[in-house]
Amino acid sequence: MRLKRHVALFQSNLKRHVSARPLLSTQCQHRHHRRQYTQVAADQPEHIAVLGAGISGLASAHFIAKEFPKSKITVIERSDETGGWIKSRKVEVEGGDVVLEYGPRTLRPGAAALPTVEDLGLEDEILCTSKKSSSAKNRYIYYPNRLNCLPSGAEDIDILSLLKLWNSGILDGAWNIAFESWAKPRPRNLRDESVGDFLSRRVDKRIANNIVSAVFHGIYAGDIYQLSARTLLQLPWKLEGMHGSVGRGLFRVNGESDSGQMVIPWSAHAWDQYRAMKDELDLPEDLLRELSRQSTFTFKEGLQQLPRAIEQSLRQNEQVDFAMGTNVKGVEKVEGAQKIRITTEGSPESKEYDFVVSTLRDKNVTPFVNVMVVNLWFKNPKLVPVKGFGYLIPRSVPFEQNPERALGVIFDHDAITGQDSLPGTKLTVMLGGHWWDDWVGFPDNDEGAELAKSVLKRHLGITEEPDVCHVNLHKDAIAQYTVGYEDRMRDLDGTLRTRYGGRLRVVSSQFNGVGVNDCIKGAWELARGMRGSGWKGRQTGLEAYTDERPDVIQPVSQMLKIRAPTHV
Ligand SMILES: C=Cc1c2[nH]c(c1C)Cc1[nH]c(c(CCC(=O)O)c1C)Cc1[nH]c(c(C)c1CCC(=O)O)Cc1[nH]c(c(C)c1C=C)C2
């Protein structure tokens with residue numbers, strides 16, 4: 001009854017348009033900094049401001065401090081805690097304690113985060129989930145009214161499990177992959193379309209609505225009919241643009257190559273960045289070898305250990321200063337000088353900087369979705385009937401099976417082991433995302449808990465009351481790279497360049513990819529671009545979108561770990 005009321009109430013919410021705010025004009029209040037700094041060499045920025053102390057801001061400060069050890073760096077953050085929405089909490093329960101993650105919880109062992117982990121001496125704090133573990137192998141999709149295990153690799157495909165999957169209907173339309181090369185190529189003037197439309201056109205709408213929408217729920221909590229195919233399915237989009245079909249394109253580029261490895265078109269920018277990372281990030285062989293066997297990793301105290309360690313190391317560094325609880329009100333170029341003026345809320349004085357890195361969110365640049373994260377812990381360790389990472393819920397699931405608009409459930413007790421001091425069932429239910437785009441009000445914490453429990457009851461048969469239940473509504477949690485994204489980024493690059501002359505650059509999940517690794521990699525690239533006299537150039541942080549050089553055909557190797565735009 002209560003659930004029905006919630007669902008009816010939320011569905012009756014009307015579409016709300018996000019209020020427009022000018023780029024980088026968040027409120028701020030700025031404290032003055034007392035430390036004395038040695039005079040810096042003329043070719044180093046004297047004072048740099050980093051706006052925001054989420055992972056992008058912290059990583060930017062970390063890498064910039066290494067590039068310019070004599071510059072003064074001020075990190076300005078609105079809240080009282082660093083790390084953005086990476087938030088880990090140790091919670092006491094009867095007989096021990098458990099770690100709950102309110103936001104991202106694991107990292108893939110990609111190139112970006114590892115040097116930071118090594119720099120900070122966090123190697124001994126790492127907890128890995130092996131590629132061979134059940135949680136890495138067993139990923140489920142709930143469809144239409146049960147869990148279906150997806151094969152994790154060719155070696156896991158057996159006839160029985162394939163038959164089960166086939167009978168569920170989740171693979172309906174998959175045969176059409178075989179006929180992809182016969183689908184009509186897109187019109188020449190089509191600059192972008194949605195992921196859903198692209199797949200419906202080239203393969204089958206059912207595949208888009210079932211498996212693909214589930215995967216996109218797990219990454220973007222987004223709507224495949226709004227997200228950009230050109231940006232998020234960049235390889236298939238490129239291959240179709242080059243050869244009229246994805247299959248034919250892959251065949252042709254490999255037929256013409258004599259590299260002996262599987263090759264694909266890379267944007268020249270992504271290839272340069274990839275090589276630079278490979279050349280410069282000198283990681284210990286044993287750490288690399290160990291992590292290559294892992295599916296994901298995190299830390300003993302939770303993922304927030306990473307931003308906390310970066311913060312701690314920055315605080316120990318004389319050149320870095322934090323202005324916490326400080327709201328940026330205005331960012332403008334100083335007339336006639338190569339400086340950026342930052343004004344802050346509650347402070348009559350503004351402050352001028354030689355260089356500014358902004359990681360602030362701007363809803364004029366991309367829309368965002370809201371995600372409600374409900375963490376539940378039960379003393380009983382045997383509540384979930386299967387072992388695995390968890391399950392995702394596609395858009396095609398009938399409404400009666402998902403009236404709460406859940407996006408997926410993570411089996412944290414399986415996905416990450418070694419954080420809790422006692423066994424139990426630890427789950428995270430993710431609700432909302434694009435399903436809540438039209439809502440003007442959101443469930444409160446009690447309602448969120450009821451919705452999550454209702455999902456668990458229907459999908460997993462869990463009727464027990466949880467011993468712990470934490471609910472967090474993350475407003476504007478995940479940036480949405482919607483159709484036309486890359487063209488908008490090119491326009492934004494022009495605007496930023498004209499307005500700030502290269503002295504303000506951006507890095508964040510709005511520009512560099514929504515993952516933690518993407519943000520760290522973006523911060524590394526930004527700091528590297530400042531190297532030498534690079535900070536005096538007219539870059540904006542959006543060079544990936546304006547690099548007009550033709551693609552290069554190179555091995556696929558790390559491509560999946562590096563997100564970069566297309567130029568077809
Ligand atoms: C906490 C909510 C998030 C959702 N998506 C992201 C976050 C942080 C971003 C994200 N999630 C994944 C990737 C791909 C790269 C990767 O590390 O695998 C990205 C960029 C995959 C992923 N999805 C879920 C998990 C636990 C992971 C692993 C990474 C992580 O720890 O976040 C589950 C999941 N995430 C979201 C939903 C709705 C969901 C559902 C079960 C949204």
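Atoms within each ligand, like the ligands themselves, are counted from 1 in listed order.
Residue contacts with ligand 1 for D518 are absent, since no atom lies close enough (heavy atoms, distance under 4.0 Å). Contacts of R105 with ligand 1, taken as heavy-atom pairs under 4.0 Å, involve both backbone and side chain. With a heavy-atom cut-off of 4.0 Å, H217 touches ligand 1 through its backbone alone. Contacts between T428 and ligand 1 below 4.0 angstrom, taking non-hydrogen atoms only, are absent altogether.
Remark: E404 engages R458 in a salt bridge, criterion side-chain N to carboxylate O under 4.0 Å. Ion pairing between a basic and an acidic side chain is recognised when a charged N comes within 4.0 Å of a carboxylate O; K90 and E301 show such pairing. Remark: R89 engages E81 in a salt bridge, criterion side-chain N to carboxylate O under 4.0 Å. Under the 4.0 Å criterion applied to side-chain N and carboxylate O atoms, E280 and R528 are assigned as salt-bridge partners. A salt bridge is absent between K426 and D414: the closest approach of a Lys/Arg side-chain nitrogen to an acidic carboxylate oxygen does not fall below 4.0 angstrom.
Of all atoms in ligand 1, numbered sequentially from 1 with element shown, those under 4.0 Å from a heavy atom of R108 are 16 (C), 17 (O), 18 (O). Residue-ligand proximity, T106 to ligand 1, at heavy-atom distances under 4.0 Å covers atoms 28 (C), 29 (C), 30 (C), 31 (O). Close approach to V409 involves these atoms of ligand 1, each under 4.0 Å from a residue heavy atom: 41 (C). Annotation for ligand 1: atoms under 4.0 Å from non-hydrogen atoms of G103 are 1 (C). Within ligand 1, counting atoms from 1 as listed, the ones closer than 4.0 Å to a heavy atom of I410 are 26 (C), 33 (C), 41 (C). Under a 4.0 Å criterion applied to the non-hydrogen atoms of G515, ligand 1 contributes the atoms 20 (C). Applying the 4.0 Å criterion to heavy atoms of L392 picks out, from ligand 1, the atoms 40 (C), 41 (C). Within ligand 1, counting atoms from 1 as listed, the ones closer than 4.0 Å to a heavy atom of I478 are 3 (C), 4 (C), 5 (N), 42 (C).
Between E450 and D446, the closest side-chain pair of non-hydrogen atoms is not below 4.5 Å.
When the heavy-atom distances from atom 25 (C) of ligand 1 to F389, F216, Y220 are ranked, the shortest goes to F389. Considering P109, G218, G433 only, the shortest heavy-atom separation from atom 11 (N) of ligand 1 involves G218.
Note: F297 and F299 have perpendicular aromatic rings, judged against thresholds of 30 and 60 degrees for the angle between ring planes.
At the top of the distance list for atom 7 (C) of ligand 1, counting protein heavy atoms only, stands W85 CZ2, 3.9 Å.
For R105, the salt bridge (charged side-chain N to carboxylate O under 4.0 Å, His left out) criterion is met by D412, not counting sequence neighbours.
Within 6.0 Å of CD in E92 there are 12 or fewer heavy atoms belonging to other residues, nucleotides or ligands.
Within the 4.0 Å heavy-atom cutoff, I219 counts among the residues contacting ligand 1.
In this structure, R490 forms no cation-pi arrangement with Y545, as its terminal cationic atom is not both closer than 6.0 Å to the ring centre and no more than 45° off the ring axis.
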